[in-house]
Amino acid sequence: MLDINLVRENPEVVREALRKRQMDPSPVDAVLEVDTRRRAALSEVEALKAQRNATSTEISKMKDAAARQEKIDAMRELGERISRLDQAYKQMEAEQLAIVQIIPNIPHADVPLGMDDHDNPVIQVYGKPREFAFTPKPHWDLGPDLGIIDFEQGIKLTGSRFYVLSGAGARLQRALIAWMLDLHIRQGYTEKYTPFMVKSDVLLASGQLPKFKDNLYHDVEEDYWMVPTAEVPLTGIHMGDFIEEAALPFNYTAYTPCFRREKMSAGRDVRGIKRGHQFDKVEMYKYCRPEDSMAELQKMVQDAGQTCADLGLHYRMIQQCTGDLGFNGMIAYDLEVWAPGCGEWLEVSSISNVGDFQARRANIKYRPADGGKPRFVHTLNGSGLGLPRTLIAVLETYQQSDGSIQIPDVLKPWMGGIDRITK
RNA sequence: GGAGGGGUGGCCGAGCGGCCUAAGGCGCUUGUCUUGAAAACAAGUGUGGGGCAACCCACCGUGGGUUCGAAUCCCACCUCCUCCGCCA
């Protein structure tokens with residue numbers, strides 16, 4: 001959420017940010033209009049409250065019963081007026097919040113201009129694609145042939161876009177999760193195991209609500225929401241907290257399943273396990289001082305990249321342009337791994353510096369060591385990495401001419417002594 | 001699920017209709033003293049908002065209510081602790 005003072009004092013900056021994102025800038029004017037009305041109402045009701053407070057003190061000191069009663073009668077009417085105005089004020093406040101909450105973050109000056117994901121520049125390409133002496137197969141053929149991915153069983157259990165991993169396939173995914181978590185721990189992150197269902201406050205704090213309600217699963221009975229990413233609970237952990245400056249930065253990593261209704265992507269990527277309603281992910285998350293967040297972003301990009309590199313995958317880093325930048329993000333990079341079987345770059349990580357955007361929503365502050373005013377922390381999040389897609393790249397990259405899959409060296413300790421998946 | 005007891009500033013903790021403008025302590029900042037540090041002493045120090053400012057308003061788990069006036073009384077909910085019941 002943006003600072004209302006920023007919108008009020010520099011409305012053109014916010015309008016320009018929306019235009020760069022290929023969005024309509026008119027919410028800015030709507031906010032300014034409500035804000036003006038809201039503050040006028042606030043001044044009015046506060047003046048009345050000041051009067052009430054002063055008179056109440058007077059009443060408490062009055063000895064003469066008749067005069068006292070007269071004052072009390074006069075105040076009764078004032079009380080009713082305050083109550084009506086207060087209600088009107090709350091309405092305006094809610095109206096303003098509703099608009100401010102759907103305005104996205106302001107892109108950092110370093111974010112390249114662009115219309116959509118086609119304009120995302122490729123920053124760097126790492127490694128080379130593996131050379132095959134045969135035609136590499138896509139994972140939707142490899143998996144069922146080896147009996148490690150079963151699409152029919154997933155459909156039987158839940159429906160389309162669900163699948164069952166079996167035997168060495170399930171184990172390989174678990175190996176990836178365990179190995180990634182251990183890698184991030186070595187990189188200095190603290191592992192967290194969090195609830196996979198959260199209250200709506202937490203989704204408001206992390207920026208998923210109210211805007212992305214349609215992409216979330218919600219248990220109406222208990223008002224629990226299934227997390228769409230570990231970013232949500234990792235933001236919520238410190239909701240409302242005051243942090244001492246010396247304690248920063250916090251570096252967290254967590255494995256969670258992620259649940260997404262994917263209404264907006266219905267009909268896309270229907271083949272294979274690339275896009276499902278349930279997938280696994282290992283996430284990295286940082287809380288830091290504002291002046292450190294750009295450097296921390298670079299570190300996180302490296303930490304995520306390390307994951308791809310150690311797995312021996314061919315991958316590239318692209319930067320999200322203004323038209324593709326996520327709602328919360330100020331600046332973001334994506335990592336994509338090459339899947340030689342299906343012949344496409346798969347997004348396995350998106351690493352964002354969201355600045356104080358989530359911290360303001362979540363009210364997460366730190367007290368500067370010099371004793372100055374509390375400030376909002378900056379938060380960053382990045383996948384390290386998204387699972388089914390990493391699994392796809394591993395299966396397709398390490399496939400052999402006989403249809404078997406070699407196990408990448410780093411994962412062998414978790415695979416019970418096997419170095420290859422065969423029929 | 002049932003019964004009882006709690007949730008107060010960065011932290012601990014008192015207050016249970018109007019001098020609460022929330023005691024006291026810890027922590028923090030500054031000063032005195034000291035070669036320096038510690039200790040001691042003194043002063044300051046909650047958060048958010050409105051106003052050019054003086055100043056004003058709100059906030060004592062959350063939301064309602066009673067009252068001229070609520071941290072304080074009433075109702076609902078959340079949450080923690082103790083006990084009972086039920087269950088992996």
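For clarity, every value in this text was computed on a predicted model and none was experimentally measured. Throughout, protein chains are lettered first and strands after them, A, B, ... in sequence-line order, and every chain is numbered starting at 1.
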Original post:
Are A:Gln306 and A:Asp310 close enough that a side-chain donor and a side-chain acceptor fall under 3.5 Å?
Top reply: yes
Original post:
In Watson-Crick or G-U wobble terms, both distances under 3.5 Å, what is the partner of B:rC26?
Top reply: B:rG10
Original post:
In whole Å, what is the span from the CG atom of A:Leu48 to the P atom of B:rC56?
Top reply: 16 Å
**OP:** Looking only at side-chain atoms of A:Phe242, point me to the closest of B:rG10, B:rG48, B:rC68.
**Re:** B:rG10
**OP:** With heavy atoms under 4.0 Å as the rule, sort A:Leu42 into base, sugar-phosphate or nothing.
**Re:** sugar-phosphate
Subject >> Inter-nucleotide C1' distance (B:rU62, B:rC78), Å rounded >> reply: 7 Å
Original post:
At under 4.0 Å between heavy atoms, what does A:Lys90 touch on the DNA or RNA strands: base, sugar-phosphate, or nothing?
Top reply: sugar-phosphate
**OP:** Report the distance from atom CG of A:Asp201 to atom C1' of B:rG63, rounded to the nearest whole Å.
**Re:** 13 Å
Subject >> Atom-to-atom span, CD of A:Gln96 to P of B:rG50 - whole angstrom >> reply: 10 Å
Original post:
Looking at A:Asn251, A:Leu380, A:Asn353, which hits side chain to side chain contact (heavy atoms under 4.5 Å, CB included) with A:Met300?
Top reply: A:Leu380
**OP:** Could you check whether A:Asn53 gets within reach of a base, just the sugar-phosphate, or nothing at all, counting any heavy atom under 4.0 Å?
**Re:** sugar-phosphate
Original post:
Expressed as a whole number of Å, how far does the C1' atom of B:rA71 sit from that of B:rA22?
Top reply: 8 Å
Original post:
Reckon A:Arg8 touches a base, only the sugar-phosphate, or nothing at all at heavy-atom distances under 4.0 Å?
Top reply: sugar-phosphate
Original post:
If the P atom of B:rG46 is compared with that of B:rC11, how far apart are they to the nearest Å?
Top reply: 14 Å
Original post:
Which comes earlier along RNA chain B counting from the 5' end, the contact point of A:Lys71 or that of A:Asp3, where each point is its nearest nucleotide?
Top reply: A:Asp3
Subject >> Interatomic distance where CD belongs to A:Glu46 and P belongs to B:rC55 [whole Å] >> reply: 16 Å
Subject >> Separation of the C1' atoms in B:rA39 and B:rU32, to the nearest angstrom >> reply: 13 Å
Subject >> Length of the line joining A:Asp73:CG and B:rG69:P, which is rounded to integer Å >> reply: 12 Å
Subject >> Nucleotide of B:rU47, B:rG50, B:rG18 approaching A:Ser43 most closely (side-chain heavy atoms) >> reply: B:rG50
Original post:
Nearest-Å distance, CZ (A:Arg367) to P (B:rG9)?
Top reply: 13 Å
Subject >> Side-chain N,O (A:Arg76) to OP1/OP2 (B:rC68) below 4.0 Å >> reply: yes
Original post:
Considering only B:rG48, B:rC68, B:rG50, which nucleotide approaches the side chain of A:Lys365 most closely?
Top reply: B:rG48
**OP:** Indicate whether OP1 or OP2 belonging to B:rG51 is found under 4.0 Å from a side-chain N or O atom of A:Arg39.
**Re:** yes
Original post:
A:Ile82 has an atom CD1; how far is it from atom P of B:rC68, in whole Å?
Top reply: 13 Å
Subject >> Nearest-Å distance once atom C1' is located in both B:rG27 and B:rG10 >> reply: 8 Å
**OP:** Counting Watson-Crick and G-U wobble pairs only, both distances under 3.5 Å, name the nucleotide matched with B:rU21, or none.
**Re:** none
Original post:
Taking a pair as Watson-Crick or G-U wobble with both distances under 3.5 Å, which nucleotide is matched to B:rA40?
Top reply: B:rU32
**OP:** Using a cut-off of strictly less than 4.0 Å, decide whether A:Lys49 has a side-chain nitrogen or oxygen near OP1 or OP2 of B:rG50.
**Re:** no
Original post:
Which is it for A:Arg375 and A:Tyr366 under the side chain to side chain donor-acceptor pair (under 3.5 Å) test, yes or no, and what are the steps along the way?
Top reply: CA-CA 6 Å; A:Arg375 300 173 71 192; A:Tyr366 75 98; 3.0 Å; yes
Subject >> Shortest non-hydrogen contact between A:Ala254 and A:Leu234, atoms and distance >> reply: CB-CD1, 4.0 Å
**OP:** Let me know, please, whether A:Val45 or A:Thr57 comes out on the 5' side of the other along RNA chain B by nearest nucleotide.
**Re:** A:Thr57
Subject >> Distance, P atom - from B:rA43 to B:rG49, rounded to whole angstrom >> reply: 31 Å
Original post:
Given B:rC57, B:rC68, B:rG48, which nucleotide is nearest the side-chain atoms of A:Ser56?
Top reply: B:rC68
Subject >> Qualifying residue, where the test is side chain to side chain contact (heavy atoms under 4.5 Å, CB included) with A:His139 and the options are A:Ile405, A:Leu391, A:Ile273 >> reply: A:Ile273
Original post:
Do A:Glu12 and A:Arg19 meet the salt-bridge criterion of a basic N to acidic O distance under 4.0 Å?
Top reply: yes
Subject >> Whole-Å P distance, B:rU21 and B:rC59 >> reply: 12 Å
**OP:** Please report, rounded to the nearest Å, how far the P atom of B:rG50 is from the CD atom of A:Glu44.
**Re:** 17 Å
Original post:
Using purine N1 to pyrimidine N3 plus N6-O4 or O6-N4 for Watson-Crick, or N1-O2 and O6-N3 for G-U wobble, both under 3.5 Å, which nucleotide pairs with B:rG85?
Top reply: none
Original post:
Which is it for A:Arg39 and A:Asp35 under the salt bridge (charged side-chain N to carboxylate O under 4.0 Å, His left out) test, yes or no, and what are the steps along the way?
Top reply: CA-CA 6 Å; A:Arg39 282 185 300 152; A:Asp35 183 54; 3.4 Å; yes
Subject >> A:Pro25 to A:Leu18 - nearest heavy-atom pair and separation >> reply: CA-CD1, 3.8 Å
**OP:** Give A:Arg68 one of three labels, base, sugar-phosphate or nothing, depending on what nucleic acid heavy atoms sit under 4.0 Å from its own.
**Re:** base
Original post:
If you measure from the P atom in B:rG64 to the same atom in B:rU72, how many Å do you get, rounded?
Top reply: 14 Å
